[in-house]
Peer 1: 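There's a structure below that I have some questions on.
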Amino acid sequence: MISAPALVAAIAAGFAASVAYLRKRWKFEFARLEASLQHERYAGKIAVDFLHALSDTFSGEIEGYEISRERLYESVLRTAVRGTRAMSGCIFTAERGELVPACMSGLFPFLDGFPSNLKNAGRVEVLRAVLKGKKYSIENSVFKDVVLKKSGGLINAFPVCEASSPIKSPPVVPRSLLAVPFFFEGSLAGIIAVANPRHGGQFTPAELHLVGVLGEQLATSLKMQRLFSVEAEKLRLDRELGLAGSIQKLLLPQYIPQAHSLDIATVYRPAQKIGGDLYDVFDLGGGRIAAIVADVSGHGISAALLMAICRTNFQHVARSAISAADLLRGLNRAMMRSFKRGMFVTITCAFIDTQRNTLSIARGGHERPILISNHLIEHGECEIEFLDSKGLAIGISKPEVFDAAITEVSRSYSRGDVLVFYTDGLTEALNADGEEFGAARFEAVLKKSHDLSADEINKTVLRELSAFTGGNEPADDLTLVTIRAI
């Protein structure tokens, strides 16, 4: 029978042992929780640092109107290497069945054995090859399984090296690898890989999770990069088109010669930032003025360039031309080599002699100019005539054919008469129902505004046009040149 003192001693010893065990277990759990907390704090700091770096990458690049994918890779890889405490890392991009190094950190090892072509190479050559990185066939590489599973994995087994490397340092010998694939638009875009933890052990599932999150963030960032790049390209093109539009305005007449007996007003409204319409008024001397309105086929840069060439040739040819038809013949010959297949210029040209009060009109496939004769003005009426002359557009036929087709009409004019040139962007403007403004409406507006100044006539036409279209965006360039005899 156990005595009472012995029993008490046994109970006391058991209690002491239990307290010691619980204390030891408590210390272990506390250390484990402290380590876990430290890891979570570290992982959180890494994540925050990465988001800041990613934000800086995008915000800095947006200001330059270009998103750099290389800087994006650098931010992700730097975070992956820091977060896993790896000796090295590499982001591979998938290209035609191969994984190609796109961004590297540290000395990333050869993962399929030391290359046989470097068997007899020196240390410098090997280091150069290591720093350059190595391509891997997706089907035959250590990355095959993670690509097939479409999820990250830990890889700790590598092919045996038959050739020995002259570099024996731990960073270039594969020991433990963590690889996470990332995808873009449903296809494999690449792999984030980090190698050899600095503590000498293996990568952990927590570190795999961290790199997996980075892979997801990288895939999302690539989508953002695509969107930002498209937007940046649009901004760049808008800036270039805006500059081109400003330059084009400088190519249009900055000064309209106002003869003592003529009131001249012009309107030029390109449908886009740059247009293909053209007008010019050129003083020929001796009281004579040449005026043209033209419409280049197509839109955009090519049309604007052809417009500039046309105006330059017009001023050159106009100096020696003796009539409107003669000017168009010379302009066609001068520009034949400037046209690509399918391009042409429709044009109307007028020669006005302010001393004789006469005008001659020649057309090359363009809208008919309008002459408003006010010889019946005292009766509250006016006579409107669409001046029709035959001709072909410039650039579609050889000079001998063009020259034979061009004709011209001549008229005398008196005080109060109005001559109007325009392009089809005016008469073919559409309202919400798809109906064109048309020549009849244009004629009606001119009838009620013919006794105004040239500038007021143009403003009246534009007001009526805006009311008709309801402010819809124009589909074509609009040019209007009004000349009033005073």
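These values consider heavy atoms only, across backbone and side chains, with no hydrogens, waters or symmetry-generated copies.
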Peer 1: Please find the pair of heavy atoms, one from Ala294 and one from Thr423, that lie closest to each other, and give the distance.
Peer 2: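 Closest pair (atom of Ala294, atom of Thr423, distance): O-CG2, 4.0 Å.
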Peer 1: Do side-chain atoms of Asp417 reach the backbone of Tyr413 as a donor and acceptor pair under 3.5 angstrom?
Peer 2: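 Absent.
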Peer 1: Any salt bridge linking Arg288 with Asp353? Criterion: basic side-chain nitrogen under 4.0 Å from a carboxylate oxygen.
Peer 2: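 Salt bridge absent between Arg288 and Asp353.
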Peer 1: Assess Lys134 against Tyr136: is NZ or CZ under 6.0 Å from the centre of the six-membered ring, and within 45 degrees of the ring's axis?
Peer 2: yes
Peer 1: With a 4.0 Å cut-off, would you call Arg78 and Glu74 a salt bridge?
Peer 2: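 No, no charged N to carboxylate O under 4.0 Å.
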Peer 1: Using the ring pair (Phe, Tyr, Trp, His ring centres under 6.0 Å) criterion, which residues pair with Phe468? Sequence neighbours excluded.
Peer 2: Phe437
Peer 1: Would you list the atom pairs, donor with acceptor, under 3.5 Å between side chains in residues 92-102 and any protein atom, with sequence neighbours excluded?
Peer 2:
from: Thr93; atom 1: OG1; to: Glu95; atom 2: OE2; distance (Å): 3.0
from: Thr93; atom 1: OG1; to: Val100; atom 2: O; distance (Å): 3.4

Peer 1: Could you check whether any side-chain N or O of Thr460 sits under 3.5 Å from a backbone N or O of Ser449, counting only pairs where one atom can act as donor and the other as acceptor?
Peer 2: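 No.
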Peer 1: Before accepting this row, confirm whether a basic side-chain N of the pair Asp403/Arg333 lies closer than 4.0 Å to the acidic partner's carboxylate O.
Peer 2: yes
Peer 1: Determine whether a donor-acceptor pair (N or O, by modelled atom type, separation under 3.5 Å) exists between the side chain of Asp280 and the backbone of Arg311.
Peer 2: no
Peer 1: Pick one: which of Glu428, Glu436, Glu435, Glu464 meets salt bridge (charged side-chain N to carboxylate O under 4.0 Å, His left out) with Arg441?
Peer 2: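 It is Glu435, the one option of Glu428, Glu436, Glu435, Glu464 that forms the salt bridge (charged side-chain N to carboxylate O under 4.0 Å, His left out) with Arg441.
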Peer 1: Could you tell me whether Asp277 and Arg269 make a salt bridge, using a distance below 4.0 angstrom between a side-chain N and a carboxylate O?
Peer 2: no
Peer 1: List in chain and number order the residues that pass side-chain contact (heavy atoms from CB on, under 4.5 Å) with Val418, two or more places apart in sequence or in another chain; answer none if no residue qualifies.
Peer 2: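 Here the qualifying residues are Ile372, Val420, Ile457, Thr482, Arg484.
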